[in-house]
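We count residues from 1, following the sequence as given.
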Amino acid sequence: MENIYDVIIVGAGPSGIGVASILKQMNASCLVLEKEDIGASFLSWPKEMRFITPSFPAQGFGQTDLNAIAPKTSPAYTLDSEHPTGADYAKYLNLLAEHFTVPIKKGVQVKHVNKKGSVFSLDTSAGLYQSRYVVWAAGQYQYPNLRPFPGAELAMHNSLVSSWEEVDGDDFIVIGGYESGMDAAYQLGKLGKKSTVIARTNTWEQDTSDPSIALSVYTYNRVRPLINANVITVVGNTAVTGIAESASGYDVYTTDGKAYFTPEKPILATGFKGSTTLIENLVTRGKHDEVLVNETDESVLTSGLFLAGPELRHDSHIFCYIYKFRQRYAVIAETIGRNLNLDLSILDMYKQENFYLDDLSTCGEMCQC
């Protein structure tokens, strides 16, 4: 029989490295499988894209960098950048993987995962791997939603853009009004190009402090001058139903019966299907198409399979930012560690540094002013 690891972690992004670093400190036998390279999703960002959450080194005063994935580390300090680029952040992840000596096999594509008895078998491009536990941390960004409506194949998904400078044209339609859509419009606007953003929800008007639902202040402050200058036009409370190609461009149709014309390929900012589509046989989904997990982020369908990263959701709590989902790494590690009788003493530091959130009733508080 093949060597059976205690834990196999799929994905070497922030969640994969974050969970693995704790398990390593617990002396677990673990392995990270990564289909490309450490931080591959961040390396594929458009070169102009930056973190909307600010990085700031204030650990000495009890405030951890929002983009850190391990206590007593700071991307701001390491990268000398408040809003890192994707390439910058990948450097930070590489440094952490090296510091914690996380065992990673790169270039390994996981094709299928199943469980027989108490053992998981992962069929990969490099052969079969087996483990007692699996942490799925393969993320979302490399799995864009390319077919959200008829004709979407005529458009260009924002995640497939390497640089906005390379996109030809002067007048665009951006479909989707959340962070990626508004960032696309902003980057085009900086280059002197106009765009019309069509959004199902008026994210620029939402009365909420949660950037998982409305635009972050960072993004809003960047796009507001361009909206006021009519460089960006926003069309809200309507959804795109289809795209059709015409002799001179593209017609974009919406639920309110209108059609918008653009001479350029429309830009899809419609989000991502997520990597959990690769393990549908091991999960079940809720009303928002989210993977259903228990209180320790373990699949309700398959015991021993844990979800870490931006796809994680608990009822109305959306964990799509690093500062949110990083607080669940130690919860997963503790659950696995207890079952394997590992040394859990490292968790004291994670709790002290506010990297451990097990009471979700404290989440979602609205700002008072």
Review point. Given Q142 and K35, is the side chain to side chain contact (heavy atoms under 4.5 Å, CB included) satisfied, shown in steps?
Key: CA-CA 11 Å; Q142 298 180 58; K35 71 173 185 175; 2.9 Å; yes
Review point. Would Y77 and I322 show up in the same hydrophobic cluster when neighbours are defined by side-chain heavy atoms closer than 4.5 Å?
Key: no
Practice item. Let me see the working for S216 and T53 under side chain to side chain contact (heavy atoms under 4.5 Å, CB included), right down to the final yes or no. Key: CA-CA 8 Å; S216 66; T53 44; over 6 Å; no
Practice item. Dump the intermediate steps for side chain to side chain contact (heavy atoms under 4.5 Å, CB included) on M182 and V234, then the final yes or no. Key: CA-CA 10 Å; M182 284 302 193; V234 289; 3.7 Å; yes
Practice item. Would you check if the side chain of E179 reaches a backbone N or O of I52 as a donor-acceptor pair within less than 3.5 Å? Key: no
**Study point:** 4.5 Å side-chain heavy-atom contact, S195 and I232
**Key:** yes
Practice item. First locate atom CD of E153, then atom CZ of R147, and finally report the distance between them rounded to the nearest 0.5 Å. Key: 5.0 Å
Point to revise | Student check: side-chain heavy atoms of H288 and I318 closer than 4.5 Å | key: no
**Study point:** Transitive ILVMFWY cluster of V240, excluding itself - 4.5 Å side-chain cut-off
**Key:** F149, L154, I173, I175, I198, V235, I243, Y250, V252, Y260, L268
Practice item. Keeping to residues at least two apart or across chains, list the ring-ring contact (aromatic ring centres under 6.0 Å, His included) pairs with something in residues 97-119. Key: none
Revision key, fill the gap. Sorted by chain and number, sequence neighbours left out, salt bridge (Lys or Arg N to Asp or Glu O under 4.0 Å) with E165 holds for K47
Point to revise | D88: partners by salt bridge (Lys or Arg N to Asp or Glu O under 4.0 Å), with sequence neighbours left out | key: none
Review point. When rounded to the nearest 0.5 angstrom, what is the spacing between CG in N281 and NZ in K115?
Key: 12.5 Å
**Study point:** Side-chain heavy atoms of I267 within contact of L188, under 4.5 Å
**Key:** yes
Check your understanding: Heavy atoms, side chains only, cut-off 4.5 Å: are N158 and P46 in contact?
Key -> no
Run the side-chain donor-acceptor check on residues 21-32: report pairs under 3.5 Å with partners two or more places apart or on a different chain.
unit_1, atom_1, unit_2, atom_2, d
S21, OG, I17, O, 3.3
S21, OG, G18, O, 2.8
K24, NZ, T101, O, 3.4
K24, NZ, T101, OG1, 3.4
Q25, NE2, S21, O, 2.9

Check your understanding: Taking C-beta and beyond as the side chain, do L312 and V293 meet within less than 4.5 Å on heavy atoms?
Key -> yes
Atom pairs and distances, side-chain donor-acceptor, residues 91-98, under 3.5 Å, sequence neighbours left out:
unit_1, atom_1, unit_2, atom_2, d
Y92, OH, I69, N, 3.0
Y92, OH, T73, OG1, 2.7
N94, ND2, A90, O, 2.8

Check your understanding: Looking at residues at least two apart in the chain, or sitting in another chain, which of them share a ring-ring contact (aromatic ring centres under 6.0 Å, His included) with H83?
Key -> Y218
Exercise for review: Please assess R50 against S81 for the test side chain to side chain contact (heavy atoms under 4.5 Å, CB included), listing each intermediate value before the final yes or no.
Suggested key: CA-CA 10 Å; R50 290 181 171 270; S81 177; 3.7 Å; yes
Point to revise | Side chains of R222 and R224 in contact at under 4.5 Å (non-hydrogen atoms) | key: no
Check your understanding: Would you find more than 12 non-hydrogen atoms of other residues, nucleotides or ligands less than 6.0 Å from K258 atom NZ?
Key -> no
Exercise for review: Would you give the length of the straight line joining atom CG of L122 to atom CG of L33, rounded to the nearest 0.5 angstrom?
Suggested key: 6.5 Å
Point to revise | CD on E290 to CZ on R285, rounded to 0.5 Å | key: 9.0 Å
Check your understanding: With distance as the sole test, does T203 use its side chain to make a donor-acceptor pair with the main-chain N or O of G177 at under 3.5 Å?
Key -> yes
Exercise for review: Apply side chain to side chain contact (heavy atoms under 4.5 Å, CB included) to A199 and list each qualifying residue two or more places apart in sequence or on a separate chain.
Suggested key: W204
Check your understanding: Taking atom CZ of F56 and atom CG of L66, what is their separation to the nearest 0.5 Å?
Key -> 11.5 Å
Review point. Donor-acceptor pair, T255 side chain versus A239 backbone, under 3.5 Å?
Key: yes
**Study point:** Under 3.5 Å side-chain donor-acceptor pair for E334 and Y356
**Key:** yes
Study note, to complete from the structure: Tested for ring-ring contact (aromatic ring centres under 6.0 Å, His included) against W45, the lone hit among W164, Y89, F51 is F51
Point to revise | Residue pairs fulfilling side-chain hydrogen bond (donor to acceptor under 3.5 Å, both in side chains) with at least one residue in residues 167-177, sequence neighbours excluded | key: none
Point to revise | Considering all heavy atoms, the nearest A308-I332 contact | key: CB-CD1, 3.9 Å
Exercise for review: Might you point out which heavy atoms bring S55 and N67 nearest each other, and give the distance in Å?
Suggested key: OG-ND2, 2.7 Å
Review point. Taking it one step at a time, do K106 and D37 satisfy salt bridge (Lys or Arg N to Asp or Glu O under 4.0 Å)?
Key: CA-CA 6 Å; K106 302 177 186 178; D37 204 347; 3.1 Å; yes
Check your understanding: Are D297 and H314 linked by a side-chain donor-acceptor pair shorter than 3.5 Å?
Key -> yes
Review point. In the hydrophobic clustering (ILVMFWY, side-chain contacts below 4.5 Å, transitive), which residues join V300, or is it alone?
Key: L292
Check your understanding: Can you say whether the rings of Y329 and F325 are parallel (under 30°), tilted (30 to 60°) or perpendicular (over 60°)?
Key -> tilted
Exercise for review: State which residue, out of Y143, Y178, Y141, fulfils the ring-ring contact (aromatic ring centres under 6.0 Å, His included) condition with F272.
Suggested key: Y141
Revision key, fill the gap. When rounded to the nearest 0.5 Å, the distance separating CZ of R313 from CG of L307 is 13.0 Å
Review point. Take atom CG in D256; do more than 12 heavy atoms of anything else shown fall under 6.0 Å from it?
Key: yes
Review point. For T270 and N145, does a side-chain donor sit closer than 3.5 Å to a side-chain acceptor?
Key: no
Could you go through residues 133-140 and list every donor-acceptor pair under 3.5 Å that involves a side-chain atom there, pairing it with any protein atom two or more places apart or in another chain?
unit_1, atom_1, unit_2, atom_2, d
Y133, OH, N339, ND2, 3.3
W136, NE1, S275, OG, 2.9

Review point. Looking at side-chain heavy atoms only, is the closest gap between V119 and I4 below 4.5 Å?
Key: yes
Review point. Would you say D315's side chain and H317's backbone share a donor-acceptor pair under 3.5 angstrom?
Key: no
Point to revise | Sub-4.5 Å side-chain heavy-atom contact between V331 and L357 | key: no
Check your understanding: According to a 4.5 Å side-chain heavy-atom criterion applied to Ile, Leu, Val, Met, Phe, Trp and Tyr, with indirect links allowed, do V113 and I9 form part of one hydrophobic cluster?
Key -> yes
Review point. Any link between L342 and M349 through a network of hydrophobic side chains (Ile, Leu, Val, Met, Phe, Trp, Tyr) touching at under 4.5 Å?
Key: yes
Check your understanding: Same hydrophobic cluster for L305 and L340, using side-chain heavy-atom links shorter than 4.5 Å among ILVMFWY?
Key -> yes
Review point. Going hydrophobic residue to hydrophobic residue with side-chain gaps under 4.5 angstrom, can you get from F261 over to F172?
Key: no
Point to revise | Closest non-hydrogen atom pair between F319 and K324, with its separation | key: CD2-O, 3.6 Å
Practice item. Return the set of residues passing salt bridge (Lys or Arg N to Asp or Glu O under 4.0 Å) with R132 (not counting sequence neighbours), or none when no residue passes. Key: D6
